[in-house]
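Written out below as structure tokens is the structure these notes cover.
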Amino acid sequence: MANVKGDKLLIRKLIALGRDAENKVADIVKATAKSIEDDAVMNAPNIYKYAGGGQSSRNIQEIGQGMYSEQVSQFKWRVGQQNKMGAYAEFGTGAYVVVDNEWKDIAWSYYVNGRGLMLPQPYFYPAFVKGRKIFSQDLQDMIDKLTL
């Protein structure tokens with residue numbers, strides 16, 4: 001799981017602004033998690049053609065349906081993928097693997113034998129990057145409004 005750098009210090013400063021700031025931060029965190037989940041679902045590939053039919057192809061088709069977001073604490077949400085095949089769709093397999101350094105440890109945790117033939121079709125990481133950018137801007141906008 002990736003974290004926004006400096007988030008702990010920022011949260012401490014925001015809490016000092018009072019309960020209103022806490023509620024606004026919690027709302028921004030929730031909205032960001034839901035946005036990442038929604039974008040990933042919308043971008044999730046239908047890679048049925050790679051599976052060759054059968055049970056595994058049905059599981060692959062459900063990549064978008066495997067996305068979830070859940071609240072961990074007031075300021076923390078987890079966004080994830082329940083379908084293991086989602087990682088292979090995201091990163092590719094075998095010689096086709098393409099992974100951003102930020103998520104390389106996640107990708108390695110799914111390594112099997114390096115002989116796969118699936119091209120990467122990123123859907124989760126682009127949603128995460130977009131969500132992180134919007135999250136930072138939303139927090140900055142909130143701080144600007146509260147400190148005027």
**Test log, rule side-chain contact (heavy atoms from CB on, under 4.5 Å), inputs Met118 and Tyr96** = CA-CA 7 Å; Met118 187 180 293; Tyr96 300 108; over 6 Å; no
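- Nearest heavy-atom pair across Ala21 and Met142 is O-SD, 4.1 Å.
- Formation of a donor-acceptor pair under 3.5 Å by the Thr93 side chain with backbone atoms of Leu117 is found in this model.
- Under a 4.0 Å N-O distance rule, the pair Glu70/Lys76 does not qualify as a salt bridge.
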task = In sequence, state the C-alpha distance, the side-chain angles, and the governing distance for Val99 and Val97, and then conclude on side-chain contact (heavy atoms from CB on, under 4.5 Å).
result = CA-CA 6 Å; Val99 183; Val97 172; 3.5 Å; yes
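- Within the 4.5 Å cutoff, the side chain of Phe124 has heavy atoms near those of the Val79 side chain.
- Classification of Asp141 and Lys145 as a salt-bridged pair fails, no side-chain N sitting under 4.0 Å from a carboxylate O.
- Side chain of Tyr123 to main chain of Gly86: a donor-acceptor pair is present (N/O by atom type, distance under 3.5 Å, no hydrogens or angles).
- Contact detail for Ala40 and Met67: the closest heavy-atom pair is CB-CE, 3.6 Å.
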*Just do the side-chain contact (heavy atoms from CB on, under 4.5 Å) check on Thr32 and Ile134 with the steps written out, would you?*
CA-CA 8 Å; Thr32 301; Ile134 293 169; 5.6 Å; no
Discussion item. Between Asp20 and Lys24, does the salt bridge (Lys or Arg N to Asp or Glu O under 4.0 Å) criterion hold? Intermediate values first, please.
Written reply: CA-CA 6 Å; Asp20 187 40; Lys24 288 179 181 179; 3.2 Å; yes
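- Judged by distance alone, with hydrogens and angles left aside, the side-chain atoms of Tyr125 form no donor-acceptor pair with the main-chain N or O of Phe91 at under 3.5 Å.
- Between the side chains of Tyr68 and Gln81, no donor-acceptor pair of N or O atoms lies under 3.5 Å.
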* What do the steps show when you test Val29 against Phe135 for side-chain contact (heavy atoms from CB on, under 4.5 Å), and what is the final call? -> CA-CA 7 Å; Val29 171; Phe135 175 75; 3.7 Å; yes
